[in-house]
Each structure stands twice: as C-alpha cells, then as structure tokens.
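What follows is a short report on a single structure.
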2 protein chains.
Amino acid sequence: MKKAPTIRDVAATAGVSVSVVSRVLNDGSGPVAVATREKVVAAIAELGFRPRAAARELNGAGLTIGLMLADLTNPFFARLADRIVWEARGRGVQVVLTTTQEDPHIEAETLATLLDRSVGGVIATPTGDNIDQWSRLQDVGVDLVFVDRSIASLQNTDVVSIQNEASAASATQHLIALGHRRVAVISGPLSTSTGAARVAGYQSALTAAGIPIDPALIRGVPFRGDAGADAVAALLALPLVERPTALLVANTAQVQSSMRQLYQMGVEIPRELSVIVFDDNPWTELVTPPLSVIRQPIDMLARHSVDLVLGRMQGKLPVGPRFVEVQAEFVSRSSSAAPDPQESHV
Amino acid sequence: MKKAPTIRDVAATAGVSVSVVSRVLNDGSGPVAVATREKVVAAIAELGFRPRAAARELNGAGLTIGLMLADLTNPFFARLADRIVWEARGRGVQVVLTTTQEDPHIEAETLATLLDRSVGGVIATPTGDNIDQWSRLQDVGVDLVFVDRSIASLQNTDVVSIQNEASAASATQHLIALGHRRVAVISGPLSTSTGAARVAGYQSALTAAGIPIDPALIRGVPFRGDAGADAVAALLALPLVERPTALLVANTAQVQSSMRQLYQMGVEIPRELSVIVFDDNPWTELVTPPLSVIRQPIDMLARHSVDLVLGRMQGKLPVGPRFVEVQAEFVSRSSSAAPDPQESHV
DNA sequence: TACAAAAGTGGTACCGGTTCCACTCCGGAT
DNA sequence: ATCCGGAGTGGAACCGGTACCACTTTTGTA
C-alpha cells in the first residue's frame, strides 16, 4: 500500500519548486520556461504523478461537477446521464451524481450535500421548488445549468432544453393534418416549464387550425406514480362525442404508465386512438404498433450542458444567462394515423 | 458570495477547540463531555455548518464512493445506478459516476481518475480486463466491490450478483418442461463471469433432461453493437432440423437488438419461437407478446453493494472476500409456450 | 489517602495542492 | 549609463478538515 507521488516529489525529481510544477499543471497560470516545462513534464511522466482532486477542490479550483437528475428509471434521464458523463470524461471532469426522485424535499437535502462537495458547477433538472436554495447555490459561486427544465423565477440561470413548444406544436399539427379534431394531451404539471411549454405548443397548433380548445382534453399530471394511467382512463371515460381520437403523451415519465393502461383497456392503436409520445427509447419501435415519437437529441443536450457549465467555471463566457434550445425531431411510425370513420362522431 | 462557515467558526462560537468539534463530527473518534457536545451541536446548527467533503478526503477520511458502470443506456444498469445512488444518499455518501462503455481502454483511464479522487471505495461492473490495475487499486487501500459481474483471477474481491447459473437453469428447465428440445442461448462473451455462468446453467438443465448440447445453439456475443441481431439471424438460418424452437437471451445489453431482429424477420412468438429474456424492464410487458423474463432484484443488488463497500471502508467487516448471491425471479408471460407441432421437426 | 487510569480538552502538524508575493535576471527604452 | 518592466523562479501562507500528542481534570481502586 505505497502512497501516490505528490507535487513535491515531482518538484524534487525535476529539480524545481512546487510553484513551477503547479504552473505547469494549470497551463496559463504563470510563466514557465520551455526547458523547465519539459523537465517537469518528464518528471510527471516518470513518477506517474496525478494531482489529487480533493486538494484542488479545497482551493476552489476543482474540476468536479454535480449532476442532479430526477430519476434514472426514466430512460430519458438515464441516457442523458450517460452522455453527460461521457462528455465530462472527455474534458477530464468528474461527475457527482444525485437524484431527486422528483421530491423537493430530497432535492433540498441534495443541494446541501452538493455544496459540501465544493463542486464548481451543477447540471440539474429542478423539481421547481427550493427557489431560494438554488439562488443561494449561485450566490456562493457555483455555476448552475438547468437541463430539460427550467424555473421561471430564476432568470439568471443558463438553460439547455429542446424546443418544447415547437415540438409539441408540430406533433399536434401532424395529428390535425391526419384529420383529428379531438386531440388530447398528457403533460407534466402545468407549473413545470416543460408542462407549460408543451401544452402551449399544443394549444397554438389547435388554434392555428381553428379548433377550439377543450380543457377536458388537457391533463397535466405529476411525473411520479401512475398518473398517466389515470389520465388515460379518464380521457377514455368521456362521453363518446367528447372522447379524443388522438393522444399526445408529452410527459416522458408517464409514457410507460399510459401505454400500459391503453393495452389493459384493449384500446386499438391507431384505429381507436392515435398516439404520439415524447422521447424515443429503444423500445418505442418494439411495441405494437411502433410508436410515433418526438425524438430528443440527448447528445446535444449533454454536450451543451457540459460546455456551458465548464465555460462558466473557467470564466470563459460573457455574463448574462444563456438559453440554448435544440431542435427535436418528429418520427412518424404506425401509432398515428387518420381517424377511423367508424369511430368518428363529428 | 459570502463563504460558508468552517470548523474554526464553529469552535469559536461554541467556545471550544477545533479538536472537540472534529470529535463531535466524527462520533466515536474521542471523548466529549455531554454538555460540551450540546454546545457544539447548537453552534453547528446556528451557523448551518457542514463539513466540506474535500477537506476530509485530503486526510483519507472521505465518504465518497466511485460507481463504475458499463453503460447507462442499458436499463438494467440505469436502474442499478438509481438504486445505488439512493442507498448511498441514505447513508450520507456521495457517488462519483463513471461509465466504461464496455471498453477496457476507457476502463483503465477511468480507474486512474477514480484514484485521483481519493475515493474510499468503488462499486464496479468490470469489463474483465485491466486485472493488474484493479489489484493496484486495492493495494492503495481502496475497497472494491464488483456488482453483477466478477473477475475470476481477482479472488480477493467482494462480489454481489444474482444466482446466474441457477437462474439460467430454471429458465431453460421451464422451456424444456414446455416440450422444447432445441433451445438456443444468446449470452455475453463466455470470458465474462455472467456469460460463463448462465451458459453453464443452461447446459446443466439440458443435461439433466438428457438433451445433448449443441454448440451451434450457444452464442456468446459482445455487449456492445448489434451482435444480438446477428446471432438471431444466424440461429434462424440454421437448417430446419437444427433450428431452435426456443431462445434464451441471457445478455441484457443485447435483448433489444435481438428482439428487433426477430420482429424484422417476422418471427411469430411464441408459435415459431419461444423467447425468455434476462432482466425485467418497464417495457417487457408492453411489447407483443409480453415477454417472459428473469427479473433481477436490482434493489437488493444495490443495497448489498453499498453495504459491503461502506462496511469495508469503516473496517466493520471481517477480512476475506464476501460473495453475495441474490435470487432472481422467473416471470412467465406469453412469449414462452409449448412448441407448435406444425413447426416441430423432431 | 494515594495514585494510577480514564475522561476531557486544546495545540498543532499534517494532507496536497493553489496562489500571492518577493526576488533575480534580462532586454529595451530613455 | 540608468531605469523600467516583464519573464522566470522559489518561499510560504492558505484551504478546511483530521489526528496525534500533551496536558489537566476527574474517577476508581487499593
């Protein structure tokens, strides 16, 4: 159990002071003669020296970021985590992972532990609560990037997301173009940024087509639990003339629950009901029928999040918040089709 | 941007020395009078003091573990990560996440960065290579727990996994009991512990039933890429009399690829081919037909992994490696049935 | 009553980096 | 010739905890 070499060992073997080694380590932090740098680099290689992250963090110069996601059970977040870890690795940055399980209470606790960690930055999918905790985090100098969601009252925070409104609108347009007039939507809570934006897009598409908006067809449901199944059941229990002929599931966490309910009720897709869901998973094309989806460019979300938070940490970005919106792609499969004349009750 | 209180601030407001505060922080590290402890606790609460993780790690007394998984795209690993993070949170432990993407080269690099982090322990799904790097990790005092997989030549490492051999055997028995005699298996590489154990279980079930083992029906394929699809294609391209009537997909990472290939080839399940897959996902019952699965108790794997690694870190466990095997559950759904007499060519 | 052992407390040297500052050169401008 | 400024370097304080050790007070026991 011999211990790892320290910066002083390197300094000794290179015949220089620790200051110089440190400067070599953090390129650009001070002048180093070319010849000296070479000696130091050689010594580092010879000893297999690697600077310890903990020592750096103690000085506030760490390269660790916190990643706070809602829930790794949701394939969307799982893949997002995968890509973010990947991007971070490529930049020599380590990632401390936490999950909130969509619980503001846990989120608050987690926020505190992230502070102890003296992480330089945080990438998060906020629950929507804990507003003052988030701003306190920023006050102590931690750079913050929201991904996928945002919080309206935190105007000074960078946000990376897809074009939620446009995506929902285009999916809705697609259904309208197929001939549907009663389109339902299951979204996240309307208090969340994604819920609100997607419903807004859905509404604008309807309005543009001259279709009146029916509040009964809009279901903003929680991310946790089986709220999707309940919403589906409620929608299908509507009187025949009010019942939707198409459904947009704009709540990634409730897709599975909603689909299961549809299968259990024996709903025939797309004859009785056309379905489009948010987020493309490996299994969306394995179910019967294969699902039409809004595909989120997860790698882009990851790349921009990491770029942003690191850019901030290194002070390479101008002040003022950045809002990055990437385009999502609508992928048409068999679950969306023209409404069945037999089923139509216009 | 005011800074957080330090241990010295606490000592000052409590009217004691930092030593005492430290002792209160790490309960059991030394004597503290009850009255004093109360004063210190009050001061901590008043100042909202939280010890910084980095400072602790510098002394080798950190409570951070590394979690090194193959790939968060695989729902099995994603859910495992979710549970491990959860268990760790409950114990006040932070998790640094890395992924190997099944690449030994990346694994090696990642191993090094985990060392810099001065983590006290690591939970990992090893690729199978980098044997000496793993043991070097142990040499420097990092406690190591392998989860899901193991490495045969690292005998001194704790391992948490399901009963791979028994699980594969019981699934195979199930198929045999249904009347199948030509059962194929798609597993991970036979050089991996899971691949070898599952194939062994499969073979023992066949042998017990007096069915000869046909090497052509055993496909140990890599975790990455589309090897599952290729294996399926190859199996179905066999001459009619050799073609399997049942398939056990014992490689969680290749389930999706294999299933997609089956759908693309228009194979009717279970009439033409019975299918059982390893790992129960949210979507296994949404596909048509719902899949019979081996359900892995992911929460148990997570709990035991975290317990083990923390137990080691705190020296609360006797020396000598621990091998924890938890039971997996076979869940019968519609994808496994008796072979079609029409299709049978015995 | 005496005296050793244990309880309680404080001082301070670490851990391994970063960073500020002082100092020595050196070349170029005045 | 003199001065100035910047490149290059080393010394040492510092970040925020932990842990060892020395010291004083109890407590228990012979």
Side-chain angles (χ1 to χ4, degrees), chain A residues 3-12 14-40 43-44 47-64 92 94 115-120 140-141 313-315, chain B residues 1 3-12 14-40 43-44 47-64 94 115-120 140-141 313-315:
Chain A
K3 60 210 165 303
T6 77
I7 197 175
R8 286 168 232 273
D9 299 328
V10 176
V16 298
S17 73
V18 291
S19 316
V20 177
V21 180
S22 178
R23 266 177 243 134
V24 172
L25 253 33
N26 316 36
D27 205 10
S29 64
V32 180
V34 186
T36 314
R37 156 168 284 114
E38 278 171 7
K39 278 194 301 180
V40 173
I44 290 177
L47 272 62
F49 166 77
R50 312 199 40 137
R52 307 252 256 113
R56 286 187 152 162
E57 278 167 25
L58 208 45
N59 295 296
L63 269 183
T64 305
Q94 322 214 316
L115 268 178
D116 316 341
R117 262 236 73 77
S118 31
V119 294
V140 299
M313 283 165 64
Q314 296 163 0
Chain B
M1 186 165 155
K3 59 209 164 306
T6 77
I7 196 175
R8 285 167 233 274
D9 298 328
V10 176
V16 298
S17 73
V18 291
S19 313
V20 177
V21 180
S22 177
R23 266 177 244 133
V24 172
L25 254 33
N26 317 35
D27 205 9
S29 64
V32 181
V34 187
T36 315
R37 155 167 285 114
E38 279 171 6
K39 278 194 301 180
V40 173
I44 289 177
L47 272 61
F49 166 77
R50 311 201 38 139
R52 310 252 256 112
R56 286 188 152 159
E57 277 167 25
L58 208 44
N59 293 297
L63 268 182
T64 306
Q94 324 216 315
L115 267 179
D116 315 340
R117 261 238 77 77
S118 31
V119 294
V140 301
M313 283 165 64
Q314 295 163 1

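In what follows, chains are A, B, ... by sequence order, proteins preceding strands, each numbered from 1. Any value given below was found using the heavy atoms of this structure, including those in side chains, with hydrogens, waters and symmetry copies removed.
Contact check on B/R56 versus A/D116 returns no salt bridge, with no Lys/Arg side-chain nitrogen under 4.0 Å from an Asp/Glu carboxylate oxygen.
Distance CD (A/Q314) to P (C/dT18): 14 Å, rounded to an integer number of Å. The separation between B/E57 atom CD and C/dC15 atom C1' is 12 Å, rounded to whole Å.
For the pair A/R8/A/V21, no side-chain contact is recorded, criterion being any heavy-atom separation below 4.5 Å from C-beta on. B/T64 places a side-chain heavy atom less than 4.5 Å from the side chain of B/E57. Within the 4.5 Å cutoff, the side chain of A/D27 has heavy atoms near those of the A/R37 side chain.
Terminal axes of the helix from C/dC3-D/dG28 to C/dT30-D/dA1 (five pairs each, C1' rotation axis) are separated by 40°, to the nearest 10°.
Among all heavy-atom pairs drawn from B/S22 and B/S29, the shortest one is O-OG, 4.3 Å. Residues A/R52 and B/L58 approach most closely at NH2-O, 4.4 Å, considering heavy atoms.
Dashed line: the shortest gap from a side-chain N or O of A/T36 to OP1 or OP2 of D/dG8 is not under 4.0 Å.
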Practice prompt. Going 5' to 3' through nucleotides 11-20 of chain D, assign each nucleotide B (protein heavy atom under 4.0 Å from a base atom), S (under 4.0 Å only from sugar-phosphate atoms) or - (no protein heavy atom that close).
Written response: BB--BBBSB-
Practice prompt. Using the side chain to side chain contact (heavy atoms under 4.5 Å, CB included) rule, take A/L25 and A/I7 through it: C-alpha gap first, then chi angles, then the decisive distance, then the call.
Written response: CA-CA 10 Å; A/L25 253 33; A/I7 197 175; 4.2 Å; yes
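A side-chain contact (heavy atoms from CB on, under 4.5 Å) with B/V32 is found for one member of B/V16, B/V24, B/V40 and no other, namely B/V24.
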